[in-house]
Amino acid sequence: PDLRVPNSLIASREISSKESCPLIFSAVSGKKLTDAKGYTAYYGKVHDGETELDDAVALVFRAPKSYTGEDVVELSCHGGLFITKRVLSACYNAGAKSAQAGEFTKRALLNGKLSLTQAEAVADVIASQNAAAHKVAFKQMKDTRWGSAEVWVDGEYKVTLPGYADNAWGNVQTQLVSFSGKGSHT
């Protein structure tokens, strides 16, 4: 399991396992996470066996209306290195597995929650290092038109739009749009 964590005020981890989170989290209200409604927050305690580790908030997201299209619990606890590692260890001890980089986005793609273009844009948002790169990637990530793409090329946006069919596969039109808003077809 990957136990590398940054030191922060709050640590937040997504858990896409129906079994592990209820085993380590007990809501103060007594409500079981397995019975919780989606888009609901619960305050409670994190346990590792009989040992109480920390206070935490569990946010519950239900399929199919979650990012991945699966049941997900986001667990937020205090963010110190020691306690975050203990909480992660408790999750792993209860059966959770460490997600690989991009795994939640991959699950969202496989469950039809994102297009391939949107999934690629998520990585671009994460990797963006300036406002222009972030703007293009974020817009692409939110774009719901299948097959669209937008790339920053030499001071211009390159936009690929699905065209109307000239043949069975359709046509693809590419347009270069300058920063001033003027366009030229290629």
Side-chain donor or acceptor of T40 paired with backbone N/O of A36 under 3.5 Å: no
Residues forming a side chain to side chain donor-acceptor pair (under 3.5 Å) with E70, sequence neighbours excluded: S16, R107, N111
Contact check, side chains of V60 and L33, non-hydrogen atoms, under 4.5 Å: yes
Pair Q140-T117, side chain to side chain contact (heavy atoms under 4.5 Å, CB included): steps then yes or no: CA-CA 7 Å; Q140 187 63 40; T117 304; 2.6 Å; yes
Pairwise distance SG(C91) to CZ(F25) - rounded to 0.5 angstrom: 11.0 Å
Heavy-atom closest contact (L114 atom, A119 atom, distance): CD1-CA, 4.2 Å
Contact list for residues 97-139, test ring pair (Phe, Tyr, Trp, His ring centres under 6.0 Å), sequence neighbours left out: H134-F138
Nearest non-hydrogen partners of A41 and V57, listed with the distance: CB-CG1, 4.2 Å
Side chain to side chain contact (heavy atoms under 4.5 Å, CB included) evaluation trace for K97 with Y92: CA-CA 6 Å; K97 293 181 175 65; Y92 298 140; 5.8 Å; no
Candidate pair V72 and Y67, rule side chain to side chain contact (heavy atoms under 4.5 Å, CB included), full reasoning: CA-CA 9 Å; V72 175; Y67 177 75; over 6 Å; no
Interatomic distance, Y42 atom OH to K37 atom NZ [nearest 0.5 angstrom]: 7.0 Å
L109 side, atom CG; E120 side, atom CD - distance, nearest 0.5 Å: 9.0 Å
F82, CZ: over 12 other non-hydrogen atoms inside 6.0 angstrom: no
Nearest atoms (heavy-atom pairs only) where A121 meets A137: CB-O, 3.6 Å
Min side-chain heavy-atom separation T68-K113 under 4.5 Å: no
Check: R62 main-chain N/O paired with S66 side-chain donor or acceptor under 3.5 Å: no
Pair up each side-chain donor or acceptor in residues 123-132 with any protein partner under 3.5 Å, not counting sequence neighbours, and list the distances.
{"residue": "S128", "atom": "OG", "partner": "V125", "partner atom": "O", "Å": "2.8"}
{"residue": "N130", "atom": "OD1", "partner": "A132", "partner atom": "N", "Å": "3.2"}
{"residue": "N130", "atom": "OD1", "partner": "A133", "partner atom": "N", "Å": "2.7"}

Qualifying residues under side chain to side chain donor-acceptor pair (under 3.5 Å), relative to D54, sequence neighbours excluded: H78
Pairwise distance CG(L88) to CD1(I83) - rounded to 0.5 angstrom: 10.0 Å
OG on S115 to CE on M141, rounded to 0.5 Å: 11.5 Å
Side chain to side chain donor-acceptor pair (under 3.5 Å) partners of K45, counting only residues at least two apart: D55
Residue list, side-chain contact (heavy atoms from CB on, under 4.5 Å) with A63, at least two apart or on another chain: D71
